[in-house]
Amino acid sequence: MMTDPSPDAVAKEQLSSFVGRIERVNEQRDATANDLKEIYAEARSNGFDVKVLKRVISIRRMNPDDRAEMDALLDLYLSALGMQS
């Protein structure tokens, strides 16, 4: 049978370090999210379609082989549905 460890048995400094690091990363993530919102708002105000811009960003992040496979499947599906342009 396992008993609960005493507070002294817990590595207090290590736990405190983890908590602090997690909090800092969360603050950075929130700041980055706000920065992205501002950039997208600026792009929108300059006439860019944000939905398409986000898709472009997504495509640029893809592995070239994965993108080629996705493009080939998309072409195949569109062709099968008579939607090939």
Side-chain angles (χ1 to χ4, degrees):
M1 183 157 61
M2 185 169 195
T3 61
D4 289 332
S6 70
D8 293 331
V10 175
K12 294 177 187 178
E13 287 183 29
Q14 191 175 27
L15 177 60
S16 179
S17 175
F18 285 134
V19 169
R21 288 169 51 201
I22 291 167
E23 289 172 341
R24 280 190 297 279
V25 169
N26 280 333
E27 289 171 3
Q28 292 169 350
R29 182 186 60 200
D30 293 344
T32 300
N34 287 333
D35 291 346
L36 283 171
K37 284 181 188 178
E38 290 176 11
I39 294 168
Y40 284 121
E42 183 179 350
R44 181 180 295 114
S45 70
N46 282 286
F48 292 96
D49 185 308
V50 171
K51 185 188 282 187
V52 174
L53 184 58
K54 287 180 180 183
R55 182 69 180 133
V56 168
I57 300 299
S58 173
I59 289 170
R60 285 175 52 105
R61 292 179 69 187
M62 290 180 78
N63 172 299
D65 293 333
D66 293 341
R67 179 175 173 209
E69 182 180 351
M70 182 189 72
D71 288 343
L73 284 171
L74 180 61
D75 288 343
L76 177 67
Y77 292 178
L78 291 175
S79 179
L81 295 170
M83 298 174 62
Q84 192 68 3
S85 53

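Just so we're clear, the structure is a prediction, and the values are computed from it rather than from any experiment.
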Only one of Leu53, Ile39, Val50, Asp49 forms a side-chain contact (heavy atoms from CB on, under 4.5 Å) with Arg44, so which one is it?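 Between Arg44 and the candidates, side-chain contact (heavy atoms from CB on, under 4.5 Å) is satisfied uniquely by Val50.
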Treating Ile, Leu, Val, Met, Phe, Trp and Tyr as nodes and any side-chain heavy-atom pair under 4.5 angstrom as an edge, say whether Ile59 and Leu74 lie in one connected cluster.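 No, it is not one cluster - the side chains of Ile59 and Leu74 are not joined through contacts under 4.5 Å.
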Is there a path of hydrophobic side-chain contacts, each under 4.5 Å between heavy atoms, that joins Leu78 and Leu73?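 Different hydrophobic clusters.
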Any chance you could measure [X], atom [atom1], to [Y], atom [atom2], to the nearest 0.5 Å?
{"X": "Arg67", "Y": "Arg61", "atom1": "CZ", "atom2": "CZ", "value": "14.5 Å"}
{"X": "Asn63", "Y": "Glu69", "atom1": "CG", "atom2": "CD", "value": "10.0 Å"}
{"X": "Leu76", "Y": "Leu81", "atom1": "CG", "atom2": "CG", "value": "9.5 Å"}

Could you check whether any side-chain heavy atom of Asn46 comes within less than 4.5 Å of a side-chain heavy atom of Glu42, counting everything from C-beta outward?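 Side chain of Asn46 against side chain of Glu42, heavy atoms only: contact under 4.5 Å found.
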Indicate yes or no for a side-chain donor-acceptor contact from Thr32 to the backbone of Gln28 under 3.5 Å, with no hydrogens or angles considered.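 Yes: the side chain of Thr32 pairs with the backbone of Gln28.
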